[in-house]
Amino acid sequence: MLDARQVLTDLEGVRAALGRRSAEAARSLDAVAEAAEARRRLVGETERLQAERNQANQEMSALARSPDRAAFEARREALKGLSERVKVLETELAELEARVEGLLLAVPNVPHESVPAGHGEEDNVVVRTGGERPAFDFEPAAHFDVGVRLGILDFERAAKLSGARFTVLWGLGARLERALVSFMLDLHVREHGYTEVYPPFLVRAEALRGTGQLPKFEADLFKTHRHVEPGADPESGALYLVPTAEVPVTNLHADEILDGAALPLAYAAYTPCFRSEAGAHGRDVRGLIRQHQFDKVEIVRFVSPEHGAAELERLTAHAEAVLQRLGLHYRVSELCAADLGGSSQKTYDLEVWLPSQGVYREISSCSWFGDYQARRAAIRYRPEPKAKPRLVHTLNGSGLAVGRTLVAILEQCQRADGSVELPAALHPYMGVERLVPGAAGR
RNA sequence: GGAGAGGUGACCGAGUGGUCGAAGGUGCAUGACUGGAAAUCAUGUGUACCCGUAAGGGUACCGCGGGUUCGAAUCCCGCCCACUCCGCCA
């Protein structure tokens, strides 16, 4: 969420910055500014009357103790009107404040000044590449063909159970999924200094509002409900399945004032992620790329504002290290202003090479949110004892999306005979070095 | 599912319808004491918003929302949340 006061004091500046994202985003500011200005005026008026009432009540307190009942009664009658007016203004003000908040919640973050301009995905800037692009003396197969032939991926039985966009993993495939999770967590926890967290997978709407998924992206979420007696509110107790560990982990510190000396805080969490992928009909229908349920290890950092930029580089390097240890070919691209996620002010995507398609696909998104999430979730820190609380900066990145990592391994490490040579880093977790057709699925 | 007791400041914890932003304590900060520290003593320590260049002034906030009242942390109603015991359950 943007700072309402900044919108008022620097409307043109904020509008211009948001305009780099989209014209629509820039336009969304107008209603905010109008409502915020109206609110400011009403606050002044309301507070003046409240002060008047408070002073009158002080006098009433004295009158109540004096023997002059007539004076007390008369004054009391006179004050009824004042109280009524205060109440009316307070009601109006509350409505206006809710309106400002509601409008502001829908405004995306301002792109950082260092973010390249652009109109869409095609304007993202490739920053660097990593690993070697594997060479094949045969036509590399798609991961779903590799996986089905190995007997480790089963889309048909998953569809029987749950419909499209779900997968059953068998045998060494299931073990590989688990191995990847352990490998990634171990790397971040033992070598990168992250604290491992295991959060709830179901969260309240407030948590999703804190990180920015709500109110705008409800359609992308799976929402649960509890059994309620007829007539009871069906919304009562409703919870959402987490679309990413970012939500529960970032909101761990919602409504808290952190000790400045404790920053930066760094958390790594494995969770499954659930996304309804509304609006993605027909895209990536085959294979593991786009699923309703997938595993991800997420890394999250809470930092002081002055370190935000450097922290994004650090976090990105931590995510990148996973690809490097696995020996996978990838590239890092910086998203242009138009392609940025709504809450982010600067993002690097890690994209892994998929030889069957000859393209790079997103496998991690590392974002610096500035104080956008911190303001929504009220995550602050005290720089020094006694100092005024300030909003932290939050960052997070996939480290990595496990399903897509498995895809990349099946594709980049495949051999002509249909087997897959596993990265050395996974051997201790797997107990085997290769996935062989006819043996892997059992 | 049954029964019960609660939600107050960074934290713990008192609170009679008016002088309560709220006792007391912890923690923290500054000063005194000390060779230094501990202990002790003194003083100071909430958040947000509005006006103001500033100094400063004002308003709101005792889970949330409504009601009663000239006036609500305190009374009434609804909701939300978390806790205890029993039962059930991995």
Check: What do you reckon, are the aromatic ring centroids of Phe369(A) and His393(A) less than 6.0 Å apart?
Finding: no

Note to self: Taking the ring of His253(A) and the ring of Tyr267(A), is the distance between their centroids below 6.0 Å?
What the structure shows: yes

Is a donor from one side chain sitting under 3.5 angstrom from an acceptor on the other, for [X] and [Y]?
X         : Y         : answer
Lys296(A) : Thr244(A) : yes
Glu218(A) : Gln213(A) : no
Tyr381(A) : Glu256(A) : no
Ser343(A) : Asn109(A) : no

Item checked: Nucleotide-level pairing of RNA chain B, given in dot-bracket where Watson-Crick and G-U pairs need both distances under 3.5 Å and | marks other strands -> ((((.(((.[[[..)..(.....]]]((((((.......))))))((((((....)))))).[[[[[..)....]]]]])).))))....

Next item on the list: Calculate, to the nearest 0.5 Å, the distance between atoms CD and CZ belonging to Gln291(A) and Arg404(A) respectively.
Entry: 10.0 Å

Item checked: Parallel, tilted or perpendicular: ring planes of Tyr194(A) versus His192(A), cut at 30 and 60 degrees -> perpendicular

Notebook entry, point to check: Where along residues 375-382 of chain A does a heavy atom fall under 4.0 Å from RNA chain B?
Noted result: Arg380(A), Arg382(A)

Item checked: Members of residues 81-100 of chain A that approach RNA chain B, where some heavy atom sits under 4.0 Å away -> Ser83(A), Lys87(A)

At under 4.0 Å between heavy atoms, what does [X] touch on the DNA or RNA strands: base, sugar-phosphate, or nothing?
X        : answer
Arg40(A) : sugar-phosphate
Arg75(A) : nothing
Asn54(A) : sugar-phosphate

[X] has an atom [atom1]; how far is it from atom [atom2] of [N], in whole Å?
X         : N      : atom1 : atom2 : value
Glu206(A) : C81(B) : CD    : P     : 9 Å
Glu45(A)  : C51(B) : CD    : P     : 14 Å
Arg41(A)  : C51(B) : CZ    : P     : 12 Å
Met60(A)  : C70(B) : CE    : P     : 8 Å
Leu8(A)   : C49(B) : CG    : P     : 12 Å

Notebook entry, point to check: So, is Arg53(A) near the phosphate of A60(B), with a side-chain N or O under 4.0 Å from OP1 or OP2?
Noted result: yes

Check: Just to confirm, is there a sub-4.0 Å distance from OP1 or OP2 of C50(B) to any side-chain nitrogen or oxygen of Arg39(A)?
Finding: yes

Check: What heavy-atom pair brings Pro305(A) and Leu391(A) nearest, and what distance separates the two atoms?
Finding: CG-O, 3.7 Å

Check: Which residue, Arg48(A) or Arg76(A), contacts RNA chain B at a nucleotide closer to its 5' end, judged by nearest heavy atom?
Finding: Arg48(A)

Next item on the list: Tell me which of Phe72(A) and Gln58(A) sits closer to the 5' end of RNA chain B, going by the nucleotide each one is nearest to.
Entry: Gln58(A)

Checklist line | Integer angstrom distance from the P of G21(B) to that of G31(B) | finding: 32 Å

Check: Given the C1' atoms of G56(B) and G71(B), what is the spacing between them in whole Å?
Finding: 28 Å

Checklist line | Nearest-nucleotide pick for Glu47(A), side chain only, options being G18(B), C49(B), A48(B) | finding: C49(B)

Is the shortest side-chain N to carboxylate O distance from [X] to [Y] below 4.0 Å?
X         : Y         : result
Glu95(A)  : Arg99(A)  : no
Arg165(A) : Glu277(A) : no
Glu191(A) : Arg325(A) : yes

